[in-house]
Amino acid sequence: MQQRVHHISYLAVSSVELNALSGTAKDYILIPKGANIIDVKLEVEDSEGKGEVEVALSGAGVKFFENTALDSSEIEKRFLSSSIHTSTKENDTLSIKLTSGSFSSGKVIIKALYFLPSQIMTEF
């Protein structure tokens, strides 16, 4: 049996050292033109210190997380998922910046799940 699939999903993952974050946004994940962003997740690992971050599309200004507290010792602040769904009109980047606090160690893993409009033939 053959079937046409119209959208293909992509998962982009980037790991960021928390002590490298500053008040200036840094780009970590490229999102291509026409992408439908379904989910952006943050996972905090072994953080020393406390702080808040902002995760946004640099060009479009869409904020997935704004002044969001990160702390690996509290489960509700260790795994975070955004409820924002959007699409890109041009190539854009997902950036993260520290809005308050500081970290001496640890890392945050950023995951972005998106679909690109395309069409392929699959066979079962």
Side-chain angles (χ1 to χ4, degrees):
M1 181 171 100
Q2 291 185 337
Q3 177 180 341
R4 291 194 181 276
V5 177
H6 291 275
H7 292 284
I8 301 174
S9 65
Y10 295 88
L11 177 64
V13 179
S14 183
S15 179
V16 180
E17 294 296 324
L18 287 170
N19 59 3
L21 294 178
S22 66
T24 305
K26 293 183 182 176
D27 298 332
Y28 286 98
I29 294 177
L30 176 66
I31 306 291
K33 177 182 179 179
N36 293 311
I37 303 170
I38 302 303
D39 196 14
V40 175
K41 294 184 182 289
L42 298 179
E43 179 182 346
V44 183
E45 293 183 349
D46 304 323
S47 68
E48 291 292 326
K50 292 187 180 183
E52 296 179 344
V53 297
E54 176 180 291
V55 177
L57 285 174
S58 298
V62 175
K63 295 180 181 178
F64 295 97
F65 297 98
E66 187 173 11
N67 297 325
T68 302
L70 299 182
D71 186 355
S72 64
S73 64
E74 297 180 41
I75 195 70
E76 63 272 359
K77 293 181 182 174
R78 184 172 178 201
F79 299 99
L80 304 163
S81 183
S82 174
S83 60
I84 306 292
H85 300 133
T86 189
S87 60
T88 58
K89 292 183 170 80
E90 57 187 40
N91 289 342
D92 210 339
T93 54
L94 199 59
S95 65
I96 184 169
K97 76 174 180 177
L98 187 65
T99 55
S100 70
S102 66
F103 295 94
S104 57
S105 66
K107 67 179 176 178
V108 62
I109 299 168
I110 307 166
K111 298 177 182 178
L113 176 66
Y114 62 92
F115 290 91
L116 284 177
S118 57
Q119 187 177 31
I120 63 169
M121 182 70 76
T122 60
E123 204 169 307
F124 298 96

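The ring pair (Phe, Tyr, Trp, His ring centres under 6.0 Å) test applied to Phe103 returns no partner, not counting sequence neighbours. Scored by the side chain to side chain donor-acceptor pair (under 3.5 Å) test, Thr93 finds Asp27, Ser58 as partners (sequence neighbours excluded).
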Test side-chain contact (heavy atoms from CB on, under 4.5 Å) on Leu94 and Ile37 and set out the steps.
CA-CA 11 Å; Leu94 199 59; Ile37 303 170; 5.8 Å; no
Would Phe64 and Leu57 satisfy side-chain contact (heavy atoms from CB on, under 4.5 Å), going step by step from the backbone distance to the final call? CA-CA 8 Å; Phe64 295 97; Leu57 285 174; 3.8 Å; yes
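Annotation: the span from Ser105 atom OG to Glu17 atom CD amounts to 8.5 Å, rounded to 0.5 Å. Atom NZ of Lys41 and atom CG of Leu11 lie 10.0 Å apart (nearest 0.5 Å). Taken from CD1 in Ile38 to CD1 in Ile84, the straight-line distance is 12.5 Å, to the nearest 0.5 Å. Taken to the nearest 0.5 Å, the CD atom of Glu52 stands 5.0 Å off from the CG atom of Asn67. Separating the OG1 atom in Thr86 from the NZ atom in Lys63 is a distance of 14.5 Å, to the nearest 0.5 Å. The CD atom of Gln3 lies 11.5 Å from the CD atom of Glu123; values are rounded to the nearest 0.5 Å.
Inter-residue side-chain proximity for Leu18 and Val44 is flagged as met; some heavy-atom pair is nearer than 4.5 Å. Put simply, the side chain of Leu70 reaches to within 4.5 Å of the side chain of Leu80, judged on heavy atoms.
Checked by atom type and distance alone, the side chain of Ser47 never pairs as donor or acceptor with a backbone atom of Gly106 at under 3.5 Å. Side-chain atoms of Asn91 come within 3.5 Å of backbone N or O of Lys33 as a donor-acceptor pair. For the pair Ser87 (side chain) and Gly34 (backbone), a donor-acceptor distance under 3.5 Å is absent. A donor-acceptor distance shorter than 3.5 angstrom exists from the side chain of Thr88 to the backbone of Ala35, with no hydrogens or angles considered.
No continuous path of ILVMFWY side-chain contacts below 4.5 Å connects Val108 to Leu30, so the two sit in separate hydrophobic clusters. No single ILVMFWY cluster, assembled from side-chain heavy atoms under 4.5 Å apart, contains both Val13 and Phe65.
Here the shortest heavy-atom pairing between Asp92 and Gly59 reads OD1-N, 2.7 Å. Annotation for Ser15 and Lys107: closest pair OG-CD, 3.2 Å, computed over non-hydrogen atoms.
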Report all side-chain donor-acceptor pairs from residues 109-120 shorter than 3.5 Å, counting only partners two or more places apart or in another chain.
| residue | atom | partner | partner atom | Å |
| --- | --- | --- | --- | --- |
| Ser118 | OG | Leu116 | O | 3.4 |

